[in-house]
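All values below come from the heavy atoms of this structure, side chains included, with hydrogens, waters and symmetry mates left out. Each chain gets a letter, A, B and so on, in the order the sequences are listed, and its residues count up from 1. Everything numeric here is computed off the predicted structure, so don't read it as measured data.
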There are 2 protein chains.
Amino acid sequence: MNLSPRQSEILSIARAMGRVMVDDLARHFDVAVQTIRRDLGELADLGHLDRIHGGAVPRQGMVNIAYERRRKLNAGGKAAIAAAVAARIPENSSIILTLGTTTEAVAQALLHHRNLTVITNNMNVANTLCANPGCEIMVAGGALRRSDGGLVGALTAEFFAQFKVDIAVLGASALDHDGDLLDYDLAEVRVSRAILAQARATYVVADHTKLTRSAPARIASLSEVAKLVTDQPLPPDLARRCADWGCEVVVAPPVP
Amino acid sequence: MNLSPRQSEILSIARAMGRVMVDDLARHFDVAVQTIRRDLGELADLGHLDRIHGGAVPRQGMVNIAYERRRKLNAGGKAAIAAAVAARIPENSSIILTLGTTTEAVAQALLHHRNLTVITNNMNVANTLCANPGCEIMVAGGALRRSDGGLVGALTAEFFAQFKVDIAVLGASALDHDGDLLDYDLAEVRVSRAILAQARATYVVADHTKLTRSAPARIASLSEVAKLVTDQPLPPDLARRCADWGCEVVVAPPVP
DNA sequence: GAATTCATTCGATTATATTCGTTTTTGACC
DNA sequence: GGTCAAAAACGAATATAATCGAATGAATTC
């Protein structure tokens with residue numbers, strides 16, 4: 001999409017002033033505030049600006065817009081799941097955190113746990129948990145994927161093979177009606193499978209939006225998993241299947 | 001969640017002053033103390049601050065004060081060295097970047113190189129080069145050291161053993177008169193030695209402050225190194241020795 | 001134990017998303 | 001050129017959501 005002249009000017013004003021306000025811009029261009037809002041919204045979608053209440057600021061850094069948007073998608077549900085998972089991870093334990101925005105929310109929720117050992121192939125998780133001094137962090141080696149800060153590939157799987165942890169927190173791109181965990185990227189699936197083998201218990205985190213999606217590669221079945229933590233009740237047939245498998249389904253209560 | 005402008009400013013005030021008080025901030029921004037409290041609470045939840053009674057202090061996680069200071073120390077010299085090194089790294093090549101603030105400056109200077117493969121055990125380097133889409137990044141696995149974002153340990157050394165690169169850019173804590181590269185941490189030294197073995201050519205980066213320092217562990221001798229890039233001429237005896245060894249000494253011209 | 005400071009709730013204000021109808025622009029065709 | 005239909009841009013109205021400040025009682029510091 002091309003920028004309108006007004007949008008270009010908004011952008012240069014924003015960059016020059018460090019911040020623009022909706023009202024000021026509406027007066028400056030003599031248009032309605034809704035029009036300005038639309039412009040700002042589009043500029044934000046294109047990654048040029050960040051919306052703030054009442055205006056916008058030029059975006060600094062952060063390479064990946066699509067990923068930022070994914071992170072905001074159902075942020076409430078993810079926070080709820082994260083809190084529920086964190087409550088089920090005891091202090092003084094060792095865990096693996098994998099890729100995915102939900103997993104990153106779990107890392108946020110673990111900021112105040114003490115004496116954790118966290119092994120992760122997610123740069124965002126590592127950066128987040130840096131702020132928790134009571135947490136030893138092992139970063140898995142591998143090729144860095146810009147789109148989400150993930151470390152993937154054969155070397156990553158090998159790395160995980162050297163550990164054995166209490167709990168693995170596994171993300172997934174999709175969760176189908178048969179209870180299969182699915183993903184888009186085969187390299188990532190291999191890593192996930194290696195992780196599954198190295199954990200005494202596996203918790204899968206997946207918000208309800210994952211139930212309506214599909215993906216080509218299969219990671220595992222919920223039958224191999226100890227808990228599924230989600231934010232809305234499962235469809236009855238899947239819930240029954242989980243019960244048969246002994247996979248505990250945790251529906252996280254919303255956090256206020 | 002995105003930080004509001006006020007939250008960002010609170011954060012930078014906190015980092016600059018070492019501490020912020022609720023009342024002061026409320027007066028400074030001309031808002032109610034409850035509003036400030038809310039901001040501080042959110043910043044604390046995000047791991048940026050720690051609440052104390054009446055205010056907050058910056059959380060020292062990865063935002064290591066000592067490290068930040070080291071990074072600012074002789075920043076000009078480091079930038080000069082970085083530019084000189086970047087000029088000597090051709091595009092379409094594979095390199096290793098190790099720990100150290102000077103190495104991080106090199107990463108900064110490589111932001112516009114194309115088609116690089118960079119292998120690093122430095123989280124800061126990885127985060128920086130994320131912004132360069134023409135650069136494939138491999139992150140070495142290992143234990144994350146909060147003080148400098150370094151990945152160290154036996155696993156890290158093993159990881160590097162699987163690669164062979166054109167150039168390794170090696171940092172060092174100290175450089176003594178005999179031309180020995182020294183470091184404080186034995187685990188890091190092991191990694192550095194593993195790297196030395198995996199590179200067709202090694203460039204050592206060390207600004208002049210490293211010449212007056214010492215450290216207990218020996219990484220290698222300059223005789224094993226192709227180039228030493230520094231920011232001020234070496235003492236004559238060391239310069240002569242480097243010449244004998246065939247180690248080219250590059251004195252980087254200051255950048256304007 | 002007195003005084004701050006804090007967390008929480010509530011309501012008021014303001015900003016936002018969304019929808020809809022109007023105006024303007026565009027481009028194709030006669 | 002002129003006409004028309006489709007598309008885009010815009011503004012108004014509405015419901016939703018975010019922000020802020022005041023009030024309350026609990027927790028804390030001294």
Can you tell me if the side-chain N/O atoms of B/Arg51 get under 4.0 Å from OP1 or OP2 in C/dC6?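 It does, given that an N or O in the side chain of B/Arg51 lies less than 4.0 Å from OP1 or OP2 of C/dC6.
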
Nearest-angstrom distance from the residue atom [atom1] of [X] to [atom2] of [N]:
X: B/Met21; N: C/dT5; atom1: CE; atom2: P; answer: 8 Å
X: A/Gln34; N: C/dT16; atom1: CD; atom2: C1'; answer: 10 Å
X: B/Glu42; N: C/dC6; atom1: CD; atom2: P; answer: 15 Å
X: A/His53; N: C/dT13; atom1: NE2; atom2: P; answer: 15 Å
X: A/Arg38; N: C/dA15; atom1: CZ; atom2: P; answer: 18 Å
X: A/Arg37; N: C/dA17; atom1: CZ; atom2: P; answer: 7 Å

By salt bridge (Lys or Arg N to Asp or Glu O under 4.0 Å), B/Lys78 pairs with (sequence neighbours left out) none

Any side-chain donor near an acceptor of the partner, A/Asn121 and A/Thr156, under 3.5 Å: no

Any Lys/Arg nitrogen of [X] or [Y] sitting under 4.0 Å from an Asp/Glu carboxylate oxygen of the other?
X: B/Asp30; Y: B/Arg27; result: no
X: A/Arg241; Y: A/Asp178; result: yes
X: B/Arg70; Y: B/Asp148; result: no

In degrees, rounded to 10°, what is the bend between the two ends of the helix from C/dG1-D/dC30 to C/dC30-D/dG1, using five pairs at each? 40°

Contact class for [X] vs. all strands (heavy atom < 4.0 Å): base, sugar-phosphate, or nothing?
X: B/Ile36; answer: nothing
X: A/Asp39; answer: nothing
X: A/Val22; answer: sugar-phosphate
X: A/Val31; answer: sugar-phosphate

With side-chain hydrogen bond (donor to acceptor under 3.5 Å, both in side chains) as the criterion, how do B/Glu104 and B/Asn124 come out once you've worked through the C-alpha distance, each side chain's angles and the decisive distance to 0.1 Å? CA-CA 7 Å; B/Glu104 288 169 23; B/Asn124 300 318; 3.0 Å; yes

Would A/Asp183 and A/Ser173 count as a side-chain hydrogen bond (donor to acceptor under 3.5 Å, both in side chains) if you check the C-alpha gap in whole Å, the side-chain angles of each, and the deciding distance to 0.1 Å? CA-CA 5 Å; A/Asp183 215 315; A/Ser173 296; 2.7 Å; yes

Could you walk me through whether B/Asn122 and B/Thr120 pass side-chain hydrogen bond (donor to acceptor under 3.5 Å, both in side chains), step by step? CA-CA 5 Å; B/Asn122 186 329; B/Thr120 184; 5.4 Å; no

If you define the side chain from C-beta out and look only at heavy atoms, does anything of B/Asn132 sit under 4.5 Å from B/His112? no

Chain B on DNA chain D: first and last contacting nucleotide, 5' to 3', under 4.0 Å to a heavy atom?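 For DNA chain D, the relevant span reads D/dC20 to D/dT29.
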
